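Below is one structure, written out as structure tokens; comments come after it.
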There are 2 protein chains.
Amino acid sequence: MRKNKTETERTIQRLIEIARNHFTTNGYANVSLEEIVNEADLTRGALYHHFKNKKGLFLAVFEAVQKEVGEYVEEAAAKSNDSWQQLINGCQAFLEGAVQTHNQRILLVDGPAVLGWETFRKMDEKYSMNSLKEQLQLMQEQNLLKPVSADAMTHCLSGAMNELVLWIADYPDQKDKIKEAMMVLQHMLEGLRENK
Amino acid sequence: MRKNKTETERTIQRLIEIARNHFTTNGYANVSLEEIVNEADLTRGALYHHFKNKKGLFLAVFEAVQKEVGEYVEEAAAKSNDSWQQLINGCQAFLEGAVQTHNQRILLVDGPAVLGWETFRKMDEKYSMNSLKEQLQLMQEQNLLKPVSADAMTHCLSGAMNELVLWIADYPDQKDKIKEAMMVLQHMLEGLRENK
DNA sequence: TAACATACATACAGTATGTATGTAAATCAG
DNA sequence: CTGATTTACATACATACTGTATGTATGTTA
């Protein structure tokens, strides 16, 4: 080979990064692979060597973004020992993480449409949704939450936050909007809290 | 002209209906206009005469679906005089309406991606979201809801329901899932209720 | 060093959108 | 009633993009 393994890996990462930029700013459908490989000083042959097709490239980008946000959420949640506070921290971190750098377009707009709802949901469950669900189930076992369907709760919360992200992303004063959103979320969660 | 006005209108409606079927079953990106016009015994020329482009056709379909669901929601809400019950009725009707006949793919998956988030949100606000927001604001004025951002509440609820629809749609026992979802929604709304 | 694999480049085929142009029928003007 | 114009399409074509097949140089391994 012309290049050693790390060099090749860097090529792949570079393609992912460039693609990520294009996808976030122009949207999946409006991005041609030619633009991407041009910027990477490669040809489409190289791209198709490393990725199955356009969707495959998007999948790689999607995973990267999701992993990034997921880690940010976990990190924030871990800052507290109180289950309830962990949930709140995680929610806020998700809003913050998904809003920034227009991740939301990849995660929430193009993601479902390009990958298909089935694939999208599997990915979402694997990363962000799963940890949320586990947290909610844990809290149910601790009698902190009412004994209603954890699945429904998970999707309810997840959906609420996804939409809130897209709402927030449109405003310049995102800090304020995140506060407003968190107020609502906290109240809603209170409704699910088990009253002792 | 070869045809009178109603005849022309019927051509347009036929195209919208056929397109709707194709979009719901195959998704926007996997539908070629040729398939659609073939089924309508027309050519793409006809389609481009009545619609600006593929996106324009989708927009027409999207509007039709949204209007349909919106009317179903309004109708359900109007069955009660109690504001709180109206909200509950409306929420349930939305779940039912959006779930059926795979409307969800057009409304919630392809919609944002194809139209772009901007356009999608405008449409969504014009139809479904607007009535929800008005209802929430009304309830706030009646001191039924806590005085938190009505915007945030609207998006929160709307997002929750959207995601719930997509979750529910995957199950054969949708009636049960809708019940589960409504349980969670009602609890969450309780958290937003103003305690006298 | 010969066989093979890797990392690309190049060329091409297929398919889809969108546009420009053509045409028959219907309506309208006088 | 007849010529002009508009409507509702069809046809033909230009363009763009994806995906695939093939070629090639370079590195690796036996």
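Letters go in sequence order (proteins before strands), and every chain restarts at 1. Small disclaimer: the values here were computed from a predicted structure and weren't measured.
- Distance A/H49 NE2 to D/dT18 P: 19 Å, rounded to the nearest Å.
- B/S149 and A/E180 share a donor-acceptor pair across their side chains, judged by distance under 3.5 Å alone.
- By the side chain to side chain donor-acceptor pair (under 3.5 Å) test, B/E39 is found to be paired with B/H22, residues two or more places apart in sequence or in another chain being considered.
- For the 3.5 Å distance criterion, the side chains of B/E9 and B/Q13 qualify, holding a donor opposite an acceptor.
- A donor-acceptor contact shorter than 3.5 Å links the side chain of B/Q140 to the backbone of B/K146.
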Where protein sits on nucleotides 14-20 of chain C, one letter per nucleotide: B base, S sugar-phosphate only, - none, heavy atoms under 4.0 Å: --SBBB-

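- Regarding contacts with the backbone of C/dA7, every side-chain N or O of A/T11 stays at 4.0 angstrom or more from both OP1 and OP2.
- Within the 4.5 Å cutoff, the side chain of B/L57 has heavy atoms near those of the B/L33 side chain.
- Across residues 109-117 of chain A, not one residue has a non-hydrogen atom less than 4.0 Å from an atom of DNA chain D.
- Looking at A/E96 and A/Q100, their side chains never bring a donor and an acceptor atom within 3.5 Å of each other.
- Side-chain atoms of B/Q85 and B/N89 form a donor-acceptor pair, as typed in the model, at a separation below 3.5 Å.
- In terms of modelled atom types and a separation under 3.5 Å, the side chain of B/N30 and the main chain of B/N26 share a donor-acceptor contact.
- Between D/dA8 and B/T8, a contact under 4.0 Å exists linking OP1 or OP2 to a side-chain N or O.
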